[in-house]
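See structure below.
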Amino acid sequence: MTAKIAVQGLGHEYVNPFTRERVLALDGLTLDVADGEFLTVVGPSGCGKTTLLNILAGLIPPTRGAVLVDGRPVTGPGRDRGVVFQEFAILPWRTVERNIAHGLEIQGVPKVERAAAVRRFVELIGLAGFEKKYPHELSGGMRQRVAVARTLAANPEVMLMDEPFASVDAQTRITLQEELNAIAQATRKTILFVTHNVEEAVFLGDRCCVLARRPGRVKALVPVDIPRARRTWKLFTSDPAFGAMKDRVLRLVREEVEGGGGDG
Amino acid sequence: MTPHREAVVSWVVVLAAAVAAWGLAAATLPLPEYYLPPPTAVLAALGDLVAKGILPTYVAESLRRMLLAALLGLAVGVPAGLLLGMSRRVADFFYPLLNFFQSVSGIAWLPLLLVWFGFGERTILVAVNYTVLFPVIFNALLGVRSVPPIYVNALRTLGAPRWRIVRDVLVPGALPSIATGMRLGLAYGWRALIAAEMLVGAHGLGSAS
Ligand SMILES: Nc1ncnc2c1ncn2[C@@H]1O[C@H](COP(=O)(O)OP(=O)(O)OP(=O)(O)O)[C@@H](O)[C@H]1O
Ligand SMILES: [Mg+2]
């Protein structure tokens with residue numbers, strides 16, 4: 001397998017334009033993500049996960065190192081790399097259906113096909129009947145699901161997801177995780193999925209990448225050798241290998257969080 | 001009573017009380033009539049102006065000038081503000097300038113305008129259009145700058161070209177601020193119009209005295 005995404009010696013330093021204060025968010029991060037791989041990323045708060053995703057998305061240029069997608073350096077955002085942002089990023093003046101269809105609208109997909117996609121994805125995220133609602137009429141978790149649907153509908157090759165299920169209730173979260181699993185299996189998209197939830201990271205990832213506390217580097221890459229087809233919560237939670245893997249990742253994360261200093 | 005009707009009734013009562021107090025003061029205070037004319041005299045003068053057809057034509061004149069300024073604000077002020085707001089550096093550069101002009105009413109420029117443009121229609125039009133235009137430009141610029149960058153980024157990652165970001169994000173995001181700018185511009189503009197008409201003495205509401 002060739003690397004779909006190659007991150008080479010990536011470093012990023014934020015400079016406050018007023019105080020000249022510098023924050024080194026990432027330092028020497030090297031990572032390969034294979035084509036069709038589902039990579040989950042965990043790490044202490046403030047270790048640079050969002051920064052990494054923004055750099056991959058092409059929204060901020062890194063101060064050191066490089067990022068290659070399909071062997072080409074990333075120079076800006078593109079529709080080959082879809083993003084689900086950590087904050088709410090759906091447009092408040094568009095209804096649910098128009099938000100979900102936005103990517104397709106931009107791609108010039110005809111109206112009939114857009115409507116079909118909307119039907120499919122509102123069903124998938126459990127928001128059928130809410131098509132004509134505006135974001136302010138939805139709960140936080142519902143809005144986040146709309147954002148996920150918008151990115152899925154746009155059908156990018158690479159999906160960069162920043163804690164997309166953080167504000168979703170436990171029950172819906174499980175449904176969404178299983179759906180995402182099915183999508184990953186069916187479409188073989190390359191997915192980078194940031195989460196704080198170790199259980200989620202192990203459940204979803206082909207590999208789980210643990211980042212060290214700021215400045216973020218790869219601390220460990222834990223392969224999760226459980227076939228995707230077996231990843232339903234029922235099967236997964238009864239598998240002792242899952243528990244062991246979860247404990248291992250949790251230990252790695254806690255070392256970073258408790259290791260003193262940092263924002264964790 | 002609905003809340004709306006309740007408010008209307010309250011205001012009728014307040015207004016009636018104010019007019020009554022005014023009438024009482026004019027009748028009892030030992031002042032010459034030109035100092036505080038009674039409500040009846042003002043009403044008679046109003047009736048006279050209407051009867052001679054002066055007031056209706058003056059109102060029409062003023063409204064025409066106001067309408068012109070409003071159209072100019074929409075057609076020039078809004079696009080100008082949107083355009084200047086699109087780049088942070090351009091916006092930062094123009095911000096102090098626009099803030100200055102939007103806070104100095106055309107009324108303050110009238111002495112100078114009279115010297116430049118004379119006692120005529122041109123002075124009135126310059127004062128009013130200037131007063132309307134700057135709050136409109138300023139608020140349209142602020143509106144664009146206040147759109148959360150994450151919305152712009154979301155569209156960029158969906159592959160949206162520049163014009164699409166303008167149409168789908170910047171304009172709708174700036175709309176509330178544009179509405180504020182128009183409302184302020186027209187409110188300030190109306191006062192500048194009356195002031196200019198009073199000074200210039202040309203036809204219009206301000207000169208109806
Ligand atoms: N625009 C910015 N300007 C300055 N510093 C920033 C900026 N964005 C992030 N940082 C800093 O960079 C570090 C990494 O931030 P980042 O948002 O990438 O962390 P994160 O891993 O996503 O955290 P969380 O898990 O809480 O979302 C933090 O210390 C943060 O304070
Ligand atoms: Mg983050």
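Note on naming: letters A, B, ... go to the chains in the order of the sequence lines (proteins, then strands), and numbering restarts at 1 for each one.
- Note that CD1 of Ile150(B) and CZ of Phe88(A) are 10.5 Å apart. Values are rounded to the nearest 0.5 Å.
- For the set Pro161(B), Pro148(B), Gly173(B), the entry with the most heavy-atom pairs within less than 4.5 Å of chain A is Gly173(B).
- Scanning all heavy atoms of the two residues, the minimum distance from Ile106(A) to Gly159(B) falls at CG2-O, 3.7 Å.
- Rounding to the nearest 0.5 angstrom, the gap separating the CG atom in Leu158(B) from the CD atom in Gln107(A) is 8.0 Å.
- For CZ of Arg79(A), the number of neighbouring non-hydrogen atoms (other residues, nucleotides, ligands) closer than 6.0 Å is 12 at most.
- No more than 12 heavy-atom neighbours from other residues, nucleotides or ligands sit within 6.0 angstrom of NE2 on His4(B).
- Remark: Tyr14(A) OH is packed, more than 12 non-hydrogen atoms of other residues, nucleotides or ligands lying under 6.0 Å away.
- Only the side chain of Arg164(B) comes within less than 4.5 Å of a heavy atom in chain A; its backbone stays farther off.
- Across every non-hydrogen atom of Asp168(B) and Leu91(A), the tightest pair is O-CD1, 3.6 Å.
- Other residues, nucleotides and ligands contribute only 12 or fewer heavy atoms inside 6.0 Å of the CZ atom of Arg120(A).
- Closest approach of Val169(B) to Trp93(A), counting heavy atoms only: O-CZ2, 3.4 Å.
- For Ala89(A), the parts sitting under 4.5 Å from any heavy atom of chain B are the backbone and the side chain alike.
- Minimum interatomic distance between Arg156(B) and Gly58(A) (heavy atoms only, all atoms of both residues): NH2-O, 4.4 Å.
- Heavy atoms closer than 4.5 Å to chain B are found in the backbone of Ile90(A), but not in its side chain.
- By the 6.0 Å contact criterion, CZ on Arg64(B) is enclosed, its count of non-hydrogen atoms from other residues, nucleotides or ligands being greater than 12.
- For Glu137(A), the CD atom is densely surrounded, since the number of other residues' heavy atoms within 6.0 Å is greater than 12.
- For the atom pair Glu87(A) CD and Tyr151(B) OH, the distance stands at 10.0 Å (nearest 0.5 Å).
- When each of Pro92(A), Gly76(A), Ala57(A) is scored by its heavy-atom pairs under 4.5 Å with chain B, the top score falls to Pro92(A).
- The local environment of CE in Met86(B) is crowded, with over 12 non-hydrogen atoms from other residues, nucleotides or ligands closer than 6.0 Å.
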